Amino acid sequence: MNRTRKLTVALLSAAALAAVTPPAALAAVPPGHGRPAPAPAAPKGKLPDVFARAGHPARAVDAKIQAAWQQLFHGDPGTAPTRADGQSIYYQMSPDMAYVEDIGNQDVRSEGMGYAMMIAVQLGHRHEFDSLWNFAQTNMQIKSGGEKYYFAWHTDTTGRIIDSGVAPDGDQWMAAALAEASARWHDGAGTYDYGRQAEQILHAMWHASDSGGVNMFDAASHLPTFSPPGAVGFSDPSYALPAFYRVFAKADPSDKALWDKAYTAGEKLLQDAPNPNTGLSPCYANFDGTPFMWPGETADDNAYSHNFQEDAWRVIANANVDAAWNGVKPWQTEFSNRLQTFFTGQGVTTYVSRYHLDGTPLPSGQNTYEPAHAQGLVAMNSTSAISATGPGSRAFVEDMWNTATPSGQARYYDGMLYMLGLLYDSGQFRDFTRPGVH
């Protein structure tokens with residue numbers, strides 16, 4: 001999510017958004033000739049493990065994951081006023097409450113809380129999970145009104161809400177983490193009734209309007225909107241999480257038909273949003289997948305919204321987690337092959353992290369402290385090996401393997417994507433709601 005745009009977007013009226021004329025669709029160019037060969041299948045009952053395919057022993061992979069967890073969740077907290085000199089992003093503020101901090105902005109974001117909760121449940125760290133969930137429910141969850149059960153998108157580190165606007169990626173990740181916690185650890189009472197808490201959040205996404213609020217998912221397209229209640233006339237392709245919608249259909253059974261439609265719509269957006277030549281997606285998109293532009297922006301400017309920057313990095317993993325959990329489809333292989341071709345041409349270990357959709361590098365981005373070859377994008381690009389069939393997959397996996405766990409000022413966003421990338425690439429990002437997964 002754009003770190004500055006989101007501060008004001010919740011104040012935009014629906015009428016103002018409706019006045020925006022969607023840009024013309026990018027010219028459709030056939031991405032290849034014929035149907036791509038199927039990606040290598042994982043053994044039945046196992047998720048794809050691209051580290052193993054690249055020859056890395058399981059013991060080394062596990063050690064790498066545990067070292068990253070230890071650094072990002074229990075490493076040096078930093079002593080500078082902004083903590084920019086530290087390693088950890090996880091801070092235990094009381095015995096039963098903790099948060100992850102966006103070090104670059106000194107605040108707490110629903111997105112990061114959702115990522116951290118999911119990482120904790122995947123690795124079996126219940127104390128950290130419960131501490132994060134306590135903070136999120138106590139300080140970030142909206143308790144009344146039309147948007148009840150949604151989450152304010154960011155607070156300060158004491159839990160004071162800075163902006164009550166909603167970022168649907170954070171809400172979806174927290175709901176998914178709660179559903180997985182319910183399946184892995186079973187439900188407790190109250191706050192720890194994970195399944196019930198997930199169901200309330202998910203039900204509100206489709207039914208906030210029943211209480212005078214604004215739904216998180218668009219009724220016509222079945223896609224998540226950008227930021228209810230104000231900015232709901234467009235989406236963000238990285239908010240489309242089809243793998244999670246299969247989980248949500250079980251966690252919120254009364255809305256199963258809607259989650260099934262969201263799955264189909266989410267997969268379609270992940271196919272429509274990427275540029276047909278480069279595979280690069282915009283950060284924000286209209287519901288038909290064309291890039292979204294704010295009033296006054298032009299197609300050739302360097303704006304965050306319609307270019308390939310931090311939000312859009314996640315599209316790559318969203319497509320490939322769906323492939324890992326639900327089987328590789330031809331469109332996912334085609335998408336990953338196309339991306340790998342583009343980034344191979346840029347230099348697998350040297351490509352920059354922000355581009356116009358046609359592949360022209362942007363001169364700068366929103367975070368000047370982030371490495372040019374950002375670890376978060378390295379992690380997301382490595383997941384393309386889950387569905388790709390081209391000869392270059394191993395190079396992307398090796399680039400990830402050789403990348404150090406992020407530290408310093410940029411360690412929040414890049415660190416979260418890096419940690420998730422390790423789980424995706426190792427086949428250890430699991431859906432515990434499925435029979436036999438433990």
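Predicted model only: the values in this text are computed from it and were never measured.
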[X] ring center near [Y] ring center (under 6.0 Å):
X	Y	value
W259	F217	yes
F234	F287	no
Y355	F342	yes
F429	W325	yes
W185	F432	no

Parallel, tilted or perpendicular: which describes the rings of Y115 and Y413, with under 30° parallel and over 60° perpendicular? tilted
List in chain and number order the residues that pass ring pair (Phe, Tyr, Trp, His ring centres under 6.0 Å) with W69, two or more places apart in sequence or in another chain; answer none if no residue qualifies. F73, H74, H125
Inter-residue atom distance F396.CZ - L339.CG, 0.5 Å rounding: 8.0 Å
Working to the nearest 0.5 Å, report the span between OH of Y412 and CG of D102. 5.5 Å
Electrostatic pair [X]:[Y] at N-O distance under 4.0 angstrom:
X	Y	value
E180	R430	no
D85	R83	no
D431	R246	no
K250	E199	no
R411	E370	no

Closest contact, heavy atoms only, A116 versus L132: CB-CD1, 3.6 Å
Residue list, side-chain hydrogen bond (donor to acceptor under 3.5 Å, both in side chains) with S384, at least two apart or on another chain: Q340
